[in-house]
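All values derive from a computational prediction rather than experimental measurement. Here, residue 1 is the first one in the sequence, and each next residue gets the next number.
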Amino acid sequence: MQKMLSLLSRVLKGPAQKPVTAVRVMVASRNYADFASEATFDIKKCDVHRLEEGPPTQAVLTREQGLQYYRTMQTIRRMELKSDQLYKQKIIRGFCHLYDGQEACCVGLEAAINPTDHLITAYRAHGYSYTRGVSVKEILAELTGRRGGCAKGKGGSMHMYAKNFYGGNGIVGAQVPLGAGIALACKFFGKDEICVALYGDGAANQGQIFETYNMAALWKLPCIFICENNRYGMGTSVERAAASTDYYKRGDYIPGLRVDGMDVLCVREATQFAADHCRSGKGPILMELQTYRYHGHSMSDPGVSYRTREEIQEVRSKSDPITLLKDRMLNNNLSSVEELKEIDVEVRKEIEEAAQFATTDPEPPLEEIANHIYNNEPTFDVRGANLWIKYKSAS
């Protein structure tokens, strides 16, 4: 070994310590080459409504996909935990609804649709903001109300946007008819695009959602309606709020799927099935993702007055989406403990750097308060709090 180190030292023209690193890198690269390129997994069968058959009960996961899904879910988890910390430090203020526990929903969904497809969701939107292309730095800066945020510090937790991502909407259920409108535009312009409109179990009983189902079915709109059922609407369990908790059947005349929302592969396969349904001209489809949030409804809700700590811990220990994916990858030689730990370290570093930016970036100046009302319009005057105060609005 000493002779090999000495030889490597002369080749690398560096001190004796460097070849040790080189040896480790070479060993690691050989180990990585020994990994399986893909594996096939059995996934939970979806319950179906008005469908002759549902999504497949097996899913193929490549090593590359597994590493991507793992990194994305870990990034969202760490970002939300950092948001919790910044909120408790009173650096983030106002409404703040965290997404940890539900990562498989947004990651699996994004894996099955195209970047050109459209997505609109409710106010628990941080995860979807990230999967739709907003950086962690922009998300955290938006949460802290800074100029570098994705909405220039003026939207906050509930109002983040990106290309083909329409928020983040603070009014319960209001995004669902908007999603149908986006789907109508997709059909009107003849594009092979779909819209995904998400809402929670708490919004599922609203009349405007059923009105939207009706129009979407009449016009055969390419829209996937998705109910993220995390079992509690604010502090009320679904059993206490809904006469029927079969949310995937709520569309009646619209086909539906009930999906394991804690399994990223199950979500991916079901979403691909639903997207194919919409693109084929069959009209809308409804999905219910059975999932769970670890935090309370919002940061003002401790989350343990209507459910027990033991219940939360049981879900964490038996159904955590990140742990499920990690175990599958390790047990099927798609990755190693060391490789996944490296990803964890990189993710933590990214989150810390983003948090540093989000706490030091300047707040938007008052003179920009009226900007971005319209896109691509000439500058115009906007009245302030009284007749004598005016601001310029630039696109």
Looking at Thr245 and Val238, what are the two nearest heavy atoms and their distance?
CG2-O, 3.7 Å

Are Ile194 and Tyr248 grouped together when hydrophobic residues (ILVMFWY) are joined by side-chain heavy atoms under 4.5 angstrom apart?
no

Testing the 3.5 Å rule here: is there a donor-acceptor pair between the side chains of Tyr232 and Asp201?
no

Same cluster or not: Tyr213 versus Ile226, using hydrophobic residues (I, L, V, M, F, W, Y) connected whenever any side-chain heavy atoms lie under 4.5 Å apart?
no

Same cluster or not: are Leu218 and Leu178 linked, directly or through other Ile, Leu, Val, Met, Phe, Trp or Tyr residues, by side-chain heavy atoms under 4.5 angstrom apart?
no

For Asp344, what residues pass the side chain to side chain contact (heavy atoms under 4.5 Å, CB included) criterion, not counting sequence neighbours?
Tyr70, Gln74, Arg348

Shared ILVMFWY cluster between Leu98 and Met73, side chains joined below 4.5 angstrom?
yes

cation_pi(Arg328, Phe41) dist<6.0 Å, angle<=45:
yes

Would you kindly say whether Glu138 and Ser135 are connected by a side-chain donor-acceptor distance under 3.5 Å?
yes

is_close_aromatic(Tyr374, Phe380), centroid dist under 6.0 Å:
yes

Any idea which heavy atoms bring Ala59 and Leu265 closest together, and the distance?
CB-CB, 4.1 Å

Distance-minimising heavy-atom pair for Leu67 and Ser335:
CD2-OG, 3.8 Å

Cut-off 3.5 Å, side chains only: do Glu110 and Tyr130 have a donor facing an acceptor?
no

Listed partners of Lys82 passing salt bridge (charged side-chain N to carboxylate O under 4.0 Å, His left out), at least two apart:
Glu352

Go through the side-chain N and O atoms of Ser395 and His372 and say whether any donor and acceptor fall under 3.5 Å apart.
no

Is the distance between the ring centroids of His159 and Tyr166 under 6.0 Å?
no

Met287 and Ile224 have their tightest heavy-atom pair at SD-CG2, 3.8 Å

Does Arg250 make a cation-pi contact with Phe210 (under 6.0 Å, within 45 degrees of the axis)?
no

So, are Arg77 and Glu103 salt-bridged, with charged N and O less than 4.0 Å apart?
yes

Check this for me: does any side-chain nitrogen of one of Lys341 and Glu346 sit under 4.0 Å from a carboxylate oxygen of the other?
no

Hey, does Leu324 have a side-chain heavy atom less than 4.5 Å from the side chain of Asp320?
no

Is a donor from one side chain sitting under 3.5 angstrom from an acceptor on the other, for Gln58 and Asp42?
yes

Distance only, no hydrogens: is a donor on one side chain within 3.5 Å (strictly under) of an acceptor on the other, for Gln290 and Asp260?
no

Side chain to side chain donor-acceptor pair (under 3.5 Å) partners of residues 377-391, not counting sequence neighbours, each pair once:
Asp381-Lys392

Test log, rule side chain to side chain donor-acceptor pair (under 3.5 Å), inputs Ser157 and His97:
CA-CA 7 Å; Ser157 173; His97 306 82; 4.7 Å; no

Cluster check Val315, Leu289: I/L/V/M/F/W/Y, side chain < 4.5 angstrom:
no

Is the shortest side-chain N to carboxylate O distance from Asp47 to Arg258 below 4.0 Å?
yes

For Glu80 and His295, does a side-chain donor sit closer than 3.5 Å to a side-chain acceptor?
no

Tell me, with the steps shown, if Asn230 and Gln102 meet side chain to side chain donor-acceptor pair (under 3.5 Å).
CA-CA 8 Å; Asn230 59 25; Gln102 300 184 208; 3.0 Å; yes

Closest heavy-atom pair, Cys150 versus Val134, reported as atoms and distance to 0.1 Å, is CB-CG1, 3.7 Å

Would you say Tyr128 and Tyr99 are linked by a side-chain donor-acceptor pair, where the criterion is simply a distance under 3.5 Å?
yes

Between Arg268 and Tyr69, a side-chain donor and acceptor under 3.5 Å
yes

